Amino acid sequence: MIHTWHSFNLVQRMTSSLSTCLLNICVASLCKAQQLEKAEAVIVDGIRLGYLPDVVTYNTLIAAYCRFDGVDAGYKVIHRMSEAGIKPCVITYNSLLASAARQPQLSRALDLLEEMRRRGITPDVWSYNTLMQCCFKSGKPDEANRVFRDIILANLTPSPTTFNTMINGLCKAGYPANALRLFRNLQRHGFLPQLVTYNILINGLCKSGRLGQARRILQELGESGHIPNAITYTTVMKCCFRSGKFEQGFEIYSEMRSKGYTFDAFAYCTVISALTKIGRLKEANDCMWEMVRNGSGLDIVSYNTLINLYCKDGKLETAFQLLNEIEKGGIESDEYTHSILVNGLCKAGDLDRAQQHLKYMKMRGFQSDLVAYNCMIHGLCETGQVDYAMKIFEKMELKDSFTYSSMVHGLCKVRTFRVASKLILSCLREGLKILAADQRAVISGLRSAGLKQEARKLRSKLWSARALAF
DNA sequence: GTAGGGTTAG
């Protein structure tokens with residue numbers, strides 16, 4: 001009797017776990033298809049029919065809400081989870097943390113961590129890795145470093161991701177030398193770099209102009225036994241384009257093709273923008289159509305690349321049409337999209353419309369409109385409206401070396417060398433550099449205008465600024 | 001449930 005009862009119980013348990021498993025598969029596939037409301041409905045129906053959800057069901061749902069709609073959306077599900085009598089676990093909170101890191105919202109991430117501890121859920125190395133990533137993305141490398149030290153000093157075993165996140169974060173924060181030092185230190189302590197690690201480092205070193213070191217790491221990657229993947233190829237290709245070695249970059253592109261690597265939007269955009277930059281528009285167009293044919297679901301970066309190509313090809317109306325279409329399709333444009341368009345309008349000589357578009361950008365409130373303003377300054381100077389450019393220049397709160405260079409260049413064109421010289425000096429005070437050609441133009445301009453004393457003074461200031469740069 | 005590559009201006 002007892003034996004029968006026991007088997008019955010076992011069968012019941014097995015059936016119920018099987019039904020939960022089915023439910024989870026169903027919820028996961030709906031979440032993947034971004035049909036979150038349907039997934040929730042399935043959970044409700046499931047409960048009615050005896051398919052009981054478990055922590056995995058809710059974790060899947062929360063992860064999807066976090067990915068598609070942000071932390072708050074994910075967090076709301078925790079209440080429904082509790083109502084169903086299921087307690088969140090460390091994975092639940094790690095999804096929420098990841099979402100906070102993506103934004104990034106550092107204070108939110110710290111609150112979540114605190115809440116975990118309060119609820120008796122011990123954060124694991126994933127939680128801390130994510131927190132580190134969040135610190136880096138919030139522009140706080142020191143905080144990230146502190147978390148890193150905590151991981152090492154606490155009873156947590158750092159994972160390869162811990163090191164990769166740290167190396168990547170240091171590169172992105174402008175400390176590639178520290179990243180390389182950490183990499184070497186870890187190697188000395190027996191850390192075997194993963195392919196990701198090499199990719200991170202090659203990219204970081206290349207972007208900071210350390211081509212020799214990047215090449216050395218690429219060579220080490222070859223000797224490590226890892227097979228470079230499409231990401232490695234795209235990274236190295238981009239490195240070549242950045243340093244003006246276009247032919248070498250295109251060779252890597254051919255090699256990637258002949259070796260049968262699958263092209264994704266990252267690879268296509270790298271090639272299309274390089275071809276666009278050097279005016280090989282026919283090839284850029286061919287590549288673009290190949291991407292459109294092959295690529296499922298182009299994102300805003302891909303569209304920006306296409307819009308840029310249309311602008312450079314003189315097809316401004318097509319560019320604006322494309323913008324309309326993508327926004328109708330629910331993809332949000334960003335500051336790149338509109339800076340590209342402002343630049344296109346300036347290059348086409350339509351300064352009025354460029355300025356209108358700049359106003360529109362301001363109204364939409366993008367993260368930054370610095371590049372668009374720089375294009376405007378440059379465009380106005382090129383069309384002889386230097387005074388107007390200067391007015392805009394003076395109103396700009398944020399300026400960079402492009403802003404100063406364009407303005408100085410424009411002032412030289414109308415032989416206003418004294419003002420140009422003043423601008424160079426304030427540029428130096430802000431720690432920015434302007435193009436050497438524009439520096440020379442101002443010095444020789446001052447001289448030719450008989451302002452020899454001022455020319456000498458500017459030259460010596462520029463000289464000491466260069467001397468102090470390292 | 002965490003980490004890597006792509007888009008703009010002088």
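This structure is a prediction, so every number in the text was calculated from the model and none was measured.
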Open item on the list: B:dG6, OP1 or OP2 - any side-chain N/O from A:Lys207 closer than 4.0 Å?
Closed with: yes
Open item on the list: Using the side-chain heavy atoms of A:Gln194, tell me which of these nucleotides is nearest: B:dA3, B:dG4, B:dT2.
Closed with: B:dA3
Task: A:Lys277 side-chain proximity, nearest of B:dA3, B:dT2, B:dA9 - done: B:dA9
- [ ] Compare side-chain N and O positions of A:Asn203 against OP1 and OP2 of B:dG5 and report whether any pair is under 4.0 Å apart.
- [x] yes
Task: Check: A:Lys238 and A:Phe266 side chains under 4.5 Å, non-hydrogen atoms - done: no
Task: Minimum-distance nucleotide to A:Asp299 side chain [options: B:dT2, B:dG6, B:dT8] - done: B:dG6
Open item on the list: Run A:Phe320 and A:His357 through ring pair (Phe, Tyr, Trp, His ring centres under 6.0 Å) and show every step you take.
Closed with: CA-CA 11 Å; A:Phe320 275 99; A:His357 204 81; 5.6 Å; yes
- [ ] Name the closest nucleotide to the A:Ala98 side chain, picking from B:dG4, B:dT2, B:dG6.
- [x] B:dT2
Task: Pair A:Phe263-A:Arg257, side-chain contact (heavy atoms from CB on, under 4.5 Å): steps then yes or no - done: CA-CA 8 Å; A:Phe263 278 70; A:Arg257 271 193 189 285; 3.7 Å; yes
TODO: Consider the side chain of A:Val371, meaning its heavy atoms from C-beta on, and name the nucleotide among B:dG6, B:dT2, B:dA9 that approaches it most closely.
DONE: B:dA9
TODO: Counting heavy atoms from C-beta on, name the nucleotide in B:dG10, B:dT7, B:dT2 closest to the side chain of A:Lys238.
DONE: B:dT7
Task: Residues that A:Asn304 engages under side chain to side chain donor-acceptor pair (under 3.5 Å), provided they are two or more places apart - done: A:Asp334, A:Thr337
Task: A:Thr130, nearest nucleotide to its side chain (from B:dT8, B:dG6, B:dT2) - done: B:dT2
TODO: Using a heavy-atom cut-off of under 4.0 Å over every strand shown, decide if A:Asp438 touches base, sugar-phosphate, or nothing.
DONE: nothing
Task: Pairwise side chain to side chain donor-acceptor pair (under 3.5 Å) hits with a residue in residues 372-383 of chain A, at least two apart - done: A:Asn374-A:Asp400, A:Asn374-A:Thr403, A:Thr383-A:Gln385
- [ ] Looking at every strand, decide which applies to A:Thr235 at a 4.0 Å heavy-atom threshold: base, sugar-phosphate, or nothing.
- [x] sugar-phosphate
- [ ] Considering just the side-chain nitrogens and oxygens of A:Arg67, establish if one lies under 4.0 Å of OP1 or OP2 belonging to B:dT2.
- [x] yes
Task: Given B:dG10, B:dT7, B:dT2, the nucleotide with the shortest approach to the side chain of A:Ser159 - done: B:dT2
Open item on the list: For a quick test of reading the model: is some side-chain N or O of A:Lys312 closer than 4.0 Å to OP1 or OP2 of B:dA9?
Closed with: yes
Task: Distance test, side-chain N/O of A:Asn129 to OP1/OP2 of B:dA3, below 4.0 Å - done: no
TODO: Select one nucleotide: of B:dG6, B:dT8, B:dA9, the one nearest the side-chain heavy atoms of A:Phe402.
DONE: B:dA9
TODO: Can you figure out which of B:dG5, B:dA3, B:dT8 approaches the side chain of A:Ala230 most closely?
DONE: B:dG5
